[in-house]
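Hydrogens, waters and symmetry mates play no part in the numbers below; they use all other heavy atoms, side chains included. Here is the naming used below: chain letters follow the sequence lines, and residue numbers restart at 1 for every chain.
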Amino acid sequence: MTAFVYQFLAFAYQVADVFAFLVLAAGGLAIIFGMMGIINMAHGEFITCGAYVTTALVRAGLPLPVGIVMGALFAGVLGIALERTIVRRFYNRPIDSLVVTWGVSLIATQGALLVLGSAWTSVGTPLGSIGFGDYSFALYRLVMLAVAIGVLVGLYLLFMKTRFGVHARATMQNPAMARALGVPTERIYAQTFGLGAALAGLAGGVYAPTLTLSPTMGTGFVVESFVTVVVGGADVLTGTAPASAVLAIIRAACTAAWGQVFGLIGLLVTVCIVIRVLPEGFSGWLMRRRA
Amino acid sequence: MPTETLLELADLCSGYGSTPVLQGIDLSVQRGEIVAVIGRNGVGKTTMMRCLIGQLRAWSGSIRFKGNEISSRPPEVRAHLGFGYIPQGREVFPRMTVEENLRVGEMIGARTDAKLYDIVYEFFPILAERRQQKAGTMSGGQQQQLAIGRAMIGNPGLLLLDEPSEGIQPSIVQDITRVMQRVNRELGTTILFVEQNLDVILALAHRCYVMDKGRIVAERSAEELQDREVAKRDLQI
Amino acid sequence: MTLRDIPVLFNGPQTLGRGKLFWLGVAAVIVAAAIYPQYAERFAISNTAYFGVWVFMALGLGLIWGYGGMLSFGQTAFFGLAGYAYGVIAINLGAAHSYPFLALICALAIGTAFAAVLGYFMIYGGINGVFVGIVTLSVTLAFATFMNQTAGPQWRIGRARLNGYNGMTRIPSLSIDWLDGHRIRFEGATFYYLVLGLLVVTYLALRVLVNSRFGNVLVGTRENPERVELLGYDVRRYQLGAFTIGGFLASLSGALYTAWGNFIVPASMALPAAAMPIIWVAVGGREDLTATLVGSFVVLYVFQALTVVSQEYALVAIGALLVVTVLIAPGGYVIWAVDMASRLRRRAGPSPPLSDPALKARTQRG
Amino acid sequence: MSMLRNLAIASAAGLMLGVSAAAALADDKPPLKIGLLEDHSGDIAIFTMPKVHGAHLAVDEINAAGGILGRKLEIIEYDPQFDNAKFQEFARRLIEKDGVQVIFGAATSASREAIRPIIDKDNALLFYAQQYEGGVCDGNMIGTGGVPEQQFSTLIPYMMEKYGKKVYVIAADYNFGQISTEWTRKLVTEAGGQILGAELIPLGVSQFGQTIQNIQKAKPDWLMTLVVGNAQSAFYEQAAAAGLHIPMGSSITIGLGFEHKRFKPPTMQGMHVVMNWFEEIDRPAAKAFVARWHAKYPNETYINDMGENEYSAIYMYKKLAEMAGSFDLDKIRAQIATGKACIDAPEGQICIDPKSQHASHQMTLLSVNADHSVKVEKVWPRVDPYWLGQIGCDLTKDDPKEQYTPSNLPSK
């Protein structure tokens with residue numbers, strides 16, 4: 001009996017772990033996509049950026065949480081800069097925006113390789129581990145889950161309870177009308193892009209201690225974040241969150257049963273099915289059901 | 001009647017792509033007036049409204065508001081200056097609640113601190129009742145009331161109404177007409193609207209411009225409009 | 001049809017370049033390309049053929065994206081599938097007789113069929129806009145991921161081990177037996193002539209296609225699908241047609257690439273590889289076949305020249321080129337150059353250069 | 001310590017002096033071009049840059065000493081950036097355009113397999129200076145790195161004796177990992193042990209929560225880790241954070257990836273690895289080599305086994321050419337067939353085995369302490385690459401150009 005409980009706990013821990021990964025990896029991408037219909041191909045580079053800034057600051061002696069926050073802020077500022085200089089020219093050309101952000105991503109990755117070299121020493125995972133029966137878990141991964149949930153709650157409050165949120169949602173639904181009512185939509189776009197980039201930076205910072213840093217590390221998040229956004233659709237709260245939960249269960253179950261390869265393949269098969277059945281993802285489907 | 005000129009258009013030209021629609025509009029609105037622009041379908045009334053709020057660029061000519069040239073200002077700045085825009089087809093934010101829709105309107109007339117929630121809810125009791133309802137699930141008439149309420153929240157100096165009666169039940173049209181008169185009377189809000197519905201025009205307008213082929217071709221006083229024959233001719237030009 | 005009608009087939013509103021001068025130029029380029037192997041060294045010939053191999057995929061993407069308005073991120077999936085199909089079949093049949101040629105035909109059929117099925121699911125499933133890009137990318141990555149894990153000995157088809165991440169090597173080159181038993185092996189200059197011939201045929205065939213009703217409907221759909229539908233066309237059929245032809249051309253690239261290098265790996269489908277065709281097509285000009293063709297060649301050449309110096313700088317440069325192109329010349333630099341040239345000419349002389357309706361439409365949208 | 005340093009400086013100085021005379025002589029012949037095809041950037045560049053440095057160090061020393069057969073060496077190099085198609089493209093360019101006959105390079109098995117057909121077709125020579133999964137029987141390739149019979153048949157019996165017979169394997173899901181897993185399975189079961197689980201992990205995967213749980217559930221005595229690349233090396237960090245304290249064995253960590261220098265202690269505690277070279281090897285020639293290296297490349301974190309193997313490979317080429325009195329491949333192979341092609345590498349003497357054309361090595365087993373210092377547990381003075389010869393590969397007689405594995409043996 002206790003063995004079963006431990007078994008269940010272990011599975012739940014795995015699901016939670018994947019859930020946190022997907023929410024953090026995809027949150028920033030989903031916000032930008034939901035707001036502007038733009039697929040930010042440089043998403044992975046913002047993750048990398050957050051990870052490097054965090055690591056650099058921790059190595060310079062700052063505490064990890066401060067490093068993570070600074071990493072997120074730095075990525076956010078870079079995001080706003082990218083939006084102001086390049087992305088804003090492409091709001092009515094979503095496909096070109098995909099191409100142009102891909103170009104930016106190439107420049108960023110290869111530029112980072114040139115400047116930073118190919119790998120950095122990690123700062124080490126803080127906190128210890130706790131044991132249950134045969135298993136032991138890293139406590140830090142529970143912190144990641146807490147951060148992921150915190151991000152979702154934070155986004156809920158931001159979008160539902162603040163003036164920025166009201167303006168952002170209005171802009172999302174009808175930018176021309178929002179503008180005619182005095183909403184500074186350009187600023188909203190820049191801020192949202194910055195927010196998406198900052199969330200990507202946050203993901204990078206949070207995962208930095210557990211990974212080997214390299215300029216190409218962002219690509220390790222990209223496939224998962226695309227999958228989550230496609231399955232979730234254009235809205236973070238009604239899309240990304242449930243999509244992450246469902247995908248986490250599928251991935252954890254496939255990995256537990258058949259190994260890592262099938263965990264990954266399970267994800268990709270799910271995407272293909274969801275796209276055929278719900279072309280606009282979970283949130284699109286929910287929206288149409290409610291309307 | 002006050003005599004200060006609030007809005008003045010001079011030789012305004014605009015259009016879509018390379019197709020001209022407005023070919024030199026001249027009109028002016030005094031503070032506190034209710035002015036209608038009437039004309040057949042497709043003469044450029046909605047184009048003029050979109051040009052006024054700034055969704056469409058003015059090719060040439062001028063738009064003066066309180067004496068300042070604003071034709072190169074973006075829409076949000078015009079809203080901050082006090083333009084309250086109620087577009088054709090309402091364009092409420094469907095997936096936001098009534099209250100949230102109203103909150104978006106707060107940016108209008110940015111400098112005024114007092115936001116008129118109480119007054120809007122008093123004028124449109126249905127909005128108070130459905131505060132938490134998603135705007136997309138309401139009827140056309142309710143949405144029109146919401147669109148007007150949304151534009152009024154920030155106490156704008158000038159309301160721009162584009163065909164307020166279009167697609168709405170006659171009884172609600174009458175309600176809306178009455179509210180607009182109260183708004184004008186009690187808040188002193190200036191109103192410029194375009195319309196084809198003669199009843200609404202007669203009930204609301206102090207003065208009237210007749211538009212055809214992108215130009216103002218005539219101006220009518222309220223008295224002249226009472227002559228149904230004149231009005232009908234103007235609408236069918 | 002008389003001889004006089006033939007030029008009409010190749011020219012039309014959907015392609016730039018017309019008139020005697022243009023076609024004389026085309027002929028000159030073909031002749032120059034044909035005598036080139038007489039004067040070039042072995043590596044250069046083989047390398048030029050290698051560039052040519054990629055251009056089929058670029059032309060296919062130009063058709064899907066430039067003319068059809070659907071950004072496919074999945075051309076390398078068809079490329080890879082056909083490459084693997086060629087490898088598996090050619091290894092199993094062996095290099096005797098015309099078996100490698102048979103393998104090529106089968107590989108093209110498999111790649112094209114897959115494109116048709118995927119296209120059917122997407123286009124008839126109502127997927128459009130950026131989602132076409134994400135779906136095709138997901139499929140490509142899924143396929144690459146799957147092929148990456150086929151390293152184990154259980155992953156074999158007949159005599160062919162799939163070999164996972166390492167990919168398949170020692171795949172027979174393309175060869176064909178003539179009736180008299182004389183064998184032609186497509187290696188070196190022979191392979192070069194094969195690619196050249198196929199390129200000329202493909203280019204001309206695509207010109208005919210896009211200037212036919214098919215091309216007009218396709219472009220109309222890109223600009224305004226509702227209106228084309230109102231005119232009574234089944235828009236989706238045309239889109240599927242374009243997608244399938246694009247898939248066929250990517251398959252051709254894949255099978256030829258595999259036959260040329262005797263080699264295919266999953267990495268030739270994964271993310272960095274999948275983005276390359278988009279770069280060639282976007283930078284050169286996607287809405288015109290000639291621009292795609294010329295642009296792809298130039299980008300491939302410049303990119304290779306840069307990688308010899310430094311791979312990192314080459315990728316930074318290609319990224320920068322992409323960003324700058326999309327910012328300054330969204331239609332691609334070849335079209336931009338043509339446009340600039342005609343603008344200059346207009347300033348200089350009386351001939352009205354913007355009379356070409358296709359060019360006119362482009363400049364307005366730009 | 002200071003004596004060692006003096007020795008190093010003295011030998012370097014001696015080298016310089018003795019050489020300048022010969023150098024004058026070498027100038028009139030055109031330099032001999034050799035190809036160097038290693039990643040300068042990309043996913044595994046931190047591990048392959050020492051190969052680049054090793055090659056340049058060796059070439060500089062050889063040129064300073066007068067070159068080979070009176071000809072100086074000129075390195076022509078490209079950066080394939082971990083892209084196997086680029087490896088092919090550049091291998092072709094090196095042979096067909098730049099006219100080199102010998103290429104030093106390729107790190108992953110995938111890149112080696114990508115270029116081997118090209119090398120074979122043009123009858124060039126590839127020095128593959130890399131520890132790998134073994135089994136390549138190809139007359140156009142000389143392997144100067146460790147192979148499984150050198151690494152696994154030393155490490156596995158040691159681990160089974162010291163820690164127990166129940167083993168769990170995690171490996172990168174491509175040929176290297178697959179074949180190394182095969183080797184582990186073969187050696188563990190032959191010695192009466194048991195493989196509790198073997199998990200193959202796709203390249204690029206960086207999340208190991210489930211894997212760590214699977215290991216905990218299986219309760220092995222020790223763990224064989226054959227993970228590859230930056231993403232997968234996160235396993236160690238995550239396993240340590242999850243409290244998975246278990247003895248580990250590997251054929252690629254520490255000596256290749258110098259994880260004990262890159263990760264925060266005590267992440268790598270309990271790791272055991274057998275290799276022919278570690279920077280920590282305590283031997284005068286090794287110390288002098290390390291001093292020369294760091295004098296030329298002061299920023300090098302660690303000289304890994306690839307770096308030393310590449311360095312030795314160039315000296316091996318020099319030795320072979322001098323024995324043959326020619327750069328001709330057939331003459332060089334005739335010298336290999338004598339079995340007398342030996343050099344004194346920094347690690348100790350290495351000789352090329354005539355049957356397989358792989359190098360014999362002195363093998364060292366290191367374990368990693370909690371503070372990431374290392375301890376030499378055992379040394380095998382000479383281990384020959386015997387397996388290929390045993391199963392019937394004999395390049396002096398026949399050249400199948402195949403790669404064999406325990407499950408894919410020659411057909412006769």
If you tally heavy-atom pairs under 4.5 Å against chain A, which of B:Arg150, B:Glu100, B:Met96 wins? B:Met96
Between B:Leu160, B:Val104, B:Asn101, which residue shows the highest count of heavy-atom pairs closer than 4.5 Å to chain A? B:Val104
Spacing of [X] atom [atom1] and [Y] atom [atom2] [to the nearest 0.5 Å]:
{"X": "B:Arg78", "Y": "A:Arg179", "atom1": "CZ", "atom2": "CZ", "result": "10.0 Å"}
{"X": "A:Met177", "Y": "B:Phe93", "atom1": "CE", "atom2": "CZ", "result": "6.0 Å"}
{"X": "A:Leu181", "Y": "B:Ile53", "atom1": "CG", "atom2": "CD1", "result": "7.5 Å"}
{"X": "A:Arg169", "Y": "B:Arg103", "atom1": "CZ", "atom2": "CZ", "result": "9.0 Å"}

Taking [atom1] in [X] as the centre, count heavy atoms belonging to other residues, nucleotides or ligands within less than 6.0 Å. Is the count above 12?
{"X": "A:Arg88", "atom1": "CZ", "result": "yes"}
{"X": "A:Phe74", "atom1": "CZ", "result": "no"}
{"X": "B:Gln169", "atom1": "CD", "result": "no"}
{"X": "A:Arg163", "atom1": "CZ", "result": "no"}
{"X": "A:Arg187", "atom1": "CZ", "result": "no"}

How close do B:Met107 and A:Pro184 get, heavy atom to heavy atom, and via which atoms? CE-CD, 4.1 Å
B:Pro156 versus chain A, heavy atoms under 4.5 Å apart: side chain, backbone, both or neither? neither
Determine whether a donor-acceptor pair (N or O, by modelled atom type, separation under 3.5 Å) exists between the side chain of B:Gln55 and the backbone of A:Ala180. no
Please rank A:Ala176, A:Ala178, A:Ala170 by heavy-atom pairs under 4.5 Å with chain B and give me the top one. A:Ala170
A:Met172 side chain near B:Arg95 side chain, heavy-atom distance below 4.5 Å: no
